[in-house]
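Note that the structure is a prediction, hence the values are computed from the model and not measured. For ligands, and for the atoms within them, numbers begin at 1 and follow the listed sequence. Quick note: residue numbers are just sequence positions, from 1.
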Amino acid sequence: MKMNLKDTHNRTHNYLRISLTDKCNLRCSYCMPHENMQFTPTAQQMNATELLAITRHFVEAGVDKIRLTGGEPLVRKDIDVILKGLAQLPVRLAMTTNAVTLHKHFNLLEETGCTRLNISLDTLNKKRFFEITRRNNFEQVLANILEAKKRGFEIKVNTVLIKGTNDDEVLSLLKFFAKEEIPLRFIEFMPFKDNKWDMSKMVSEEEILEQVYHEYGKAKTETLAVADHATAREYKLPKAKVSFGVISSVTNPFCGSCNRLRLTSDGKLKNCLFSNNEADLLKLFRAGETITPAVNLLVAKKHAVRAGMVSAELFENKDTHQQNRSMVRIGG
Ligand code: SAM
Ligand code: SF4
């Protein structure tokens, strides 16, 4: 049997996002459960050999882009072994990181060709950074972002906006990163297990654009063409050299061209960020069995839109989110 990464909606999946760990050196309130976060014991996680072997099957079936995420991928002690192993495969390597320890890993990332980085930063205010993340790493993170840019990494900064927390920073973040020539992307706050999501806390794409148009004028703000398999709608401020984007997974999802599958650090395959349906590939792998039938079945079961949550009513149902993992355990 051959691994088939095409689903019943004619979407081919060539992009695998691998979560390396559910541990993290920050504690972002929208990502990690507020109480009783249970980290996965190391023995239940894919070790580097297992991760590379399972990944190889996907690459043979057509995956040509891999993004490492977490938790915080750079807290994995064997990150060097993993990156060096993945660098042997015919894939484009990328990473999503909070950049707290990026300065210690620049050389490794350059050597292994993992030079596309999405870096998370939700505020330009040191005190607020602490309030959001419960850690005091603002200066180091900002310095690492600027250093990554200087060293020629292809970077984007990701910002989750939450009402009453950082929605007053839309314009200051845009101005700062446009000046630094670093593309910024706002992410709509999404619901996951125990992250106290509420529609009223989410800042929608429409609300973000309202602020931008009020400041710069709608006619002067360019709307760019949507790229293949895009997750964000892209815009450009007058005279800016780089674009900014909005990932509107809540109000306007991009499911139609989704090419992504997700592998969690404990070796479970997910066909959608919002799906609680998982295939335990690590269990099969450890039992010496083939993973192919389980992968094919999960890909075939992928819903057309957000794990079947087509309407706003279904999406807002809190019982549904409680059945999924928290974001820190999926890997965004
Ligand atoms: N630790 C890394 C980081 O922060 O970039 C990688 C993992 S983190 C889960 C990946 C991305 O998911 C980050 O950009 C983070 O802001 C985003 N994220 C986490 N929880 C979210 C939520 N509830 N809604 C929207 N985005 C979220
Ligand atoms: Fe950690 Fe990233 Fe989640 Fe923040 S968003 S808690 S940095 S995994």
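- Interface atoms of ligand 2 facing Cys24, defined by a heavy-atom separation under 4.0 Å, are 1 (Fe), 6 (S), 7 (S), 8 (S).
- Ranking the protein heavy atoms by distance from atom 4 (Fe) of ligand 2 puts Cys28 SG, 2.3 Å first.
- Using a 4.0 Å cut-off between heavy atoms, Phe192 contacts ligand 1 through its side chain alone, with no backbone atom that close.
- Nearest protein heavy-atom neighbour of atom 14 (O) of ligand 1: Ser120 OG, 2.8 Å.
- For ligand 2 and Leu26, the ligand atoms under 4.0 Å from any heavy atom of the residue are 6 (S), 7 (S).
- Ligand 2 is never approached by Ser120 to a heavy-atom distance shorter than 4.0 Å.
- Met190 N, 2.9 Å is the protein heavy atom nearest to atom 24 (N) of ligand 1.
- Partner Phe186 forms a side chain to side chain contact (heavy atoms under 4.5 Å, CB included) with one of Val157, Val170, Ile247, Asp122 and no other, that one being Val170.
- Using a cut-off of 4.0 Å between Lys/Arg side-chain N and Asp/Glu carboxylate O, Glu180 and Lys149 are scored as not salt-bridged.
- Residue Glu72 approaches ligand 1 through these ligand atoms, each under 4.0 Å from one of its heavy atoms: 1 (N), 2 (C).
- What sits closest to atom 3 (Fe) of ligand 2 on the protein, heavy atoms only, is Cys31 SG, 2.4 Å.
- Of the protein's heavy atoms, Val160 CG2, 3.4 Å lies nearest to atom 26 (N) of ligand 1.
- A salt bridge links Arg151 with Glu110: at least one charged nitrogen is closer than 4.0 Å to a carboxylate oxygen.
- A salt bridge links Lys127 and Glu131; the closest N-O separation between the charged side-chain nitrogens and carboxylate oxygens is under 4.0 Å.
- In this comparison of Thr96, Leu121, Asn98, the heavy atom closest to atom 11 (C) of ligand 1 sits on Thr96.
- Applying the 4.0 Å criterion to heavy atoms of Asn98 picks out, from ligand 2, the atoms 7 (S).
- The distance from atom CG of Asn296 to atom CE of Met3, rounded to the nearest 0.5 Å, is 7.0 Å.
- For the pair Asp168 and Arg128, the salt-bridge criterion is met [side-chain N within less than 4.0 Å of a carboxylate O].
- Remark: the Asn277 side chain and the Asn271 side chain contain no N/O donor-acceptor pair separated by less than 3.5 Å.
- With a 4.0 Å cut-off on non-hydrogen atoms, Asn195 touches ligand 1 through its side chain and not its backbone.
- Ionic pairing of Asp167 and Lys163 is not present here: no N-O contact between side-chain nitrogen and carboxylate oxygen is shorter than 4.0 angstrom.
- In this structure, a donor-acceptor pair under 3.5 Å is absent between the side chains of Thr251 and Glu205.
- For ligand 1, the atoms closer than 4.0 angstrom to any heavy atom of Asn158 are 14 (O).
- Every atom of ligand 1 with a heavy atom of Thr97 under 4.0 Å away is listed here by number and element: 2 (C), 3 (C), 5 (O).
- Side-chain contact of Asp198 with Ser200: a donor-acceptor pair under 3.5 Å is present, judged by distance alone.
- At the shortest separation from atom 19 (C) of ligand 1 among protein heavy atoms lies Met327 CG, 3.2 Å.
- Nearest protein heavy-atom neighbour of atom 21 (C) of ligand 1: Tyr30 CD1, 3.5 Å.
- When non-hydrogen atoms are compared, ligand 1 lies under 4.0 Å from the side chain of Thr69 (C-beta onward) but not from its backbone.
- For the atom pair OH of Tyr15 and CZ of Phe58, the computed distance is 15.0 Å after rounding to the nearest 0.5 Å.
- Looking at Asn259 and Asn14, their side chains do bring a donor and an acceptor atom within 3.5 Å of each other.
- Cation-pi check for Lys201 over Phe189 is not met; the charged atom does not lie both under 6.0 angstrom from the ring centroid and within 45 degrees of its normal.
- Atoms of ligand 1 lying under 4.0 Å from any heavy atom of Gly70, numbered from 1 in the order shown and given with element: 7 (C), 9 (C).
- Nearest protein neighbour of atom 6 (C) of ligand 1, counting heavy atoms only, is Gly71 O, 3.3 Å.
- Not close to ligand 1: Pro191, with no non-hydrogen atom less than 4.0 angstrom away.
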